[in-house]
J.: 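For reference, the structure I am asking about is given below.
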Amino acid sequence: MMPPRRPALPLRAALALAITAWAVQPAGAQQPAPAPAASPATPADTVVARVDGEAITLADLAAAARDLPEEVRGAPPQMLYPLLLDQMIAGRSVTAAARRARLDQDAEVRARIRRAEEQELQQAWLSREIASRVNDAAIRARYDREVAGRPAEEEVRARHILVPTESEARAALAEVRGGADFMAVAQRRSTGPGAREGGDLGFFRRADMVPEFAEAAFRLQPGQVSENPVQSPFGWHVIKVEERRTAAAPPFEEVAQAIRQQLMEAEVTAAVERARGEARVERFNLDGSAPRAIDAAEPPAPAGPPARPGAPARR
């Protein structure tokens, strides 16, 4: 019978609590004398502790400090490092105890260690592969090629009341025509996202919406409400346009992060395909029988989930 999974030590939590307690002490309160801080000239391989003969170096402390939450990393080193060292000694002591108990030879533990090693290797390889391809120059080039030269597009800001049936839509429209506040009717009747905000969809371009909704919305001027309910795959809409504008291409700074993310996703996909192409892959049925040709007959990845019912017609 396998031993129960041991709980993770709350090392970071304990460290954060200790530093927070130190940081919030009132002025003049008694504080322990800080430990001497390492000199900038102190070698990184300086040994600051040993646990069962295994060294903990200044470099180990620095690496552990970089992994801490941002609010903790800002603590003074002379206060941070001794606390961090105490926690590292505790952690190494537990690791040593686990090895003495030969848990490093346990099959389930070794399988978890192997999975963790695989994940770290995957992340390290992918990071190296995309580092030279996703940089400021590549982001700027993508912006210049696909965004900067884009012609100005017309956008509208609209609200809508989304209901399941035409009769409900006509009832909502009658209320609005009778002088009821559109936002109030949307908050009370609409079943679509944004109902709490009075059906506000924000600004959108024609291509952002399904055709039925886009055609109706872009025919309206600010303040106008659709003459009749509009049917789309999501239900029946009563539409009110609040504003119209012509939007030029967004500035680089506004979209740089989104472009970076797009490039990273594309480069990760390409890197994974390169790795698969270089690997010798053999696939078998789930019962281990009938090996197939090397990866050639692998089925395509499933398509993404369908559009959520009741969404505000954005494509």
J.: Let me check something: any side-chain donor-acceptor pairs from residues 250-259 under 3.5 Å, sequence neighbours excluded? List them with distances.
T.:
none

J.: Do Phe234 and Met209 sit in the same hydrophobic cluster, where Ile, Leu, Val, Met, Phe, Trp and Tyr count as joined when their side-chain heavy atoms come under 4.5 Å apart?
T.: yes
J.: First locate atom CD of Glu168, then atom OG of Ser190, and finally report the distance between them rounded to the nearest 0.5 Å.
T.: 10.5 Å
J.: Within the structure provided, determine whether Arg110 and Gln105 are in side-chain contact (heavy-atom separation under 4.5 Å).
T.: yes
J.: Is any side-chain heavy atom of Arg142 closer than 4.5 Å to a side-chain heavy atom of Gln262?
T.: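 Answer yes - side chains close enough.
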J.: On a heavy-atom basis, which atom in Leu84 and which in Ala65 lie closest, and how many Å separate them?
T.: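 Looks like CD2-N, 3.6 Å.
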J.: Please tell me if the side chains of Leu201 and Phe213 come closer than 4.5 Å, counting only heavy atoms from C-beta onward.
T.: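 In short, these two side chains touch, coming nearer than 4.5 Å.
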J.: Distance from Phe182 atom CZ to Ile239 atom CD1, nearest 0.5 Å?
T.: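 Answer rounded to 0.5 Å: 8.0 Å.
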J.: Quick one: CG on Leu173 to CG on Asn228, what's the gap to the nearest 0.5 Å?
T.: 7.0 Å
J.: Are Val225 and Val230 connected into the same hydrophobic cluster when the rule is that any two of I, L, V, M, F, W, Y join if their side-chain heavy atoms are below 4.5 Å apart?
T.: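 No: no chain of side-chain contacts under 4.5 Å links Val230 to Val225.
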J.: Please find the pair of heavy atoms, one from Ser132 and one from Asn135, that lie closest to each other, and give the distance.
T.: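 Where Ser132 meets Asn135 most closely, the heavy atoms are O-ND2, 3.1 Å.
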J.: If you measure only the distance, is there a donor-acceptor pair under 3.5 Å linking the side chains of Ser226 and His237?
T.: no
J.: With rounding to the nearest 0.5 angstrom, report the CZ to CD distance, Arg245 to Glu153.
T.: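 Nearest 0.5 Å value for the CZ-CD distance: 11.5 Å.
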J.: Return the minimal non-hydrogen interatomic distance between Ala186 and Gly199, and the atom names on each side.
T.: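 That closest heavy-atom pairing would be CB-N, 3.9 Å.
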J.: Starting at CZ of Arg244, measure out to CD of Gln224 and round the result to the nearest 0.5 Å.
T.: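 Here the interatomic distance stands at 9.0 Å.
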J.: Answer yes or no: is there a side-chain heavy-atom contact under 4.5 Å between Val134 and Arg260?
T.: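 Counting from C-beta outward, Val134 and Arg260 do come under 4.5 Å.
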J.: Under 6.0 Å from the six-membered ring centre of Phe204 and within 45° of its axis: does the NZ or CZ of Arg157 meet both?
T.: no
J.: Please check if atom CZ in Arg145 has more than 12 non-hydrogen atoms from other residues, nucleotides or ligands closer than 6.0 Å.
T.: yes
J.: List the steps, then state whether salt bridge (charged side-chain N to carboxylate O under 4.0 Å, His left out) holds for Glu146 with Arg150.
T.: CA-CA 7 Å; Glu146 299 184 5; Arg150 193 168 66 197; over 6 Å; no
J.: Determine whether Val272 and Arg276 make a side-chain contact, defined as any pair of heavy atoms from C-beta on separated by less than 4.5 Å.
T.: yes
J.: Does anything in residues 175-186 pair up under side-chain hydrogen bond (donor to acceptor under 3.5 Å, both in side chains), and if so which pairs, sequence neighbours excluded?
T.: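 Listed once each, the pairs are Glu175-Arg188, Glu175-Arg189.
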J.: Same cluster or not: are Val176 and Leu162 linked, directly or through other Ile, Leu, Val, Met, Phe, Trp or Tyr residues, by side-chain heavy atoms under 4.5 angstrom apart?
T.: no
J.: Would you indicate whether the side-chain heavy atoms of Leu68 and Leu80 approach each other to under 4.5 Å?
T.: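 When only atoms from C-beta onward are counted, Leu68 and Leu80 do touch, with a gap below 4.5 Å.
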J.: If you look only at distance, which donor and acceptor atoms sit under 3.5 Å apart when one is on a side chain in residues 49-64 and the other is two or more places apart or in another chain?
T.:
unit_1	atom_1	unit_2	atom_2	d
Asp52	OD2	Arg100	NH1	2.8
Thr57	OG1	Ala59	N	3.4
Thr57	OG1	Asp60	N	3.2
Thr57	OG1	Asp60	OD2	3.2
Asp60	OD2	Thr57	N	2.9

J.: Following the transitive rule for hydrophobic clusters with a side-chain heavy-atom cut-off under 4.5 Å over Ile, Leu, Val, Met, Phe, Trp and Tyr, establish whether Val47 and Ile89 coincide in one cluster.
T.: no
J.: Tell me whether the guanidinium CZ or amine NZ of Arg206 lies under 6.0 angstrom from the six-membered ring centre of Phe218 and within 45° of its axis.
T.: yes
J.: Over all heavy atoms of both residues, which pair between Ser289 and Asp287 is shortest? Give the atoms and the distance, please.
T.: OG-OD1, 2.6 Å
J.: Going through the checks in order, is the salt bridge (charged side-chain N to carboxylate O under 4.0 Å, His left out) test met by Arg280 and Glu282?
T.: CA-CA 7 Å; Arg280 185 175 184 272; Glu282 295 179 273; 2.8 Å; yes
J.: Can you measure from CD (Glu118) to CD1 (Ile113) and round to the nearest 0.5 angstrom?
T.: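 Reported value, rounded in 0.5 Å steps: 12.5 Å.
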J.: Is the backbone N or O of Val109 less than 3.5 Å from a side-chain atom of Asp106, with the two atoms forming a donor-acceptor pair by type?
T.: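 Checked: pair present.
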J.: Less than 4.5 Å apart, side chain to side chain, heavy atoms only: is that true for Gln187 and Arg196?
T.: no
J.: Linking I/L/V/M/F/W/Y whenever their side-chain heavy atoms sit closer than 4.5 Å, directly or via other members, would Met183 and Val163 fall into one cluster?
T.: no
J.: Heavy atoms only: give me the nearest Ala271-Trp125 pair and the separation to one decimal.
T.: O-CH2, 3.4 Å
J.: Testing the basics here: between Ala148 and Ala249, what is the closest heavy-atom pair and its distance to 0.1 Å?
T.: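 It is O-CB, 4.0 Å.
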J.: For Glu154, is the CD atom crowded, meaning more than 12 foreign heavy atoms sit under 6.0 Å from it?
T.: yes
J.: Is there side-chain contact between Arg170 and Trp236, with at least one heavy-atom pair below 4.5 Å?
T.: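 No, their side chains stay 4.5 Å or more apart.
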J.: With side-chain contact (heavy atoms from CB on, under 4.5 Å) as the test, would you mind laying out the steps for Gln119 and Gln123 before giving the verdict?
T.: CA-CA 6 Å; Gln119 290 173 0; Gln123 291 298 320; 5.6 Å; no
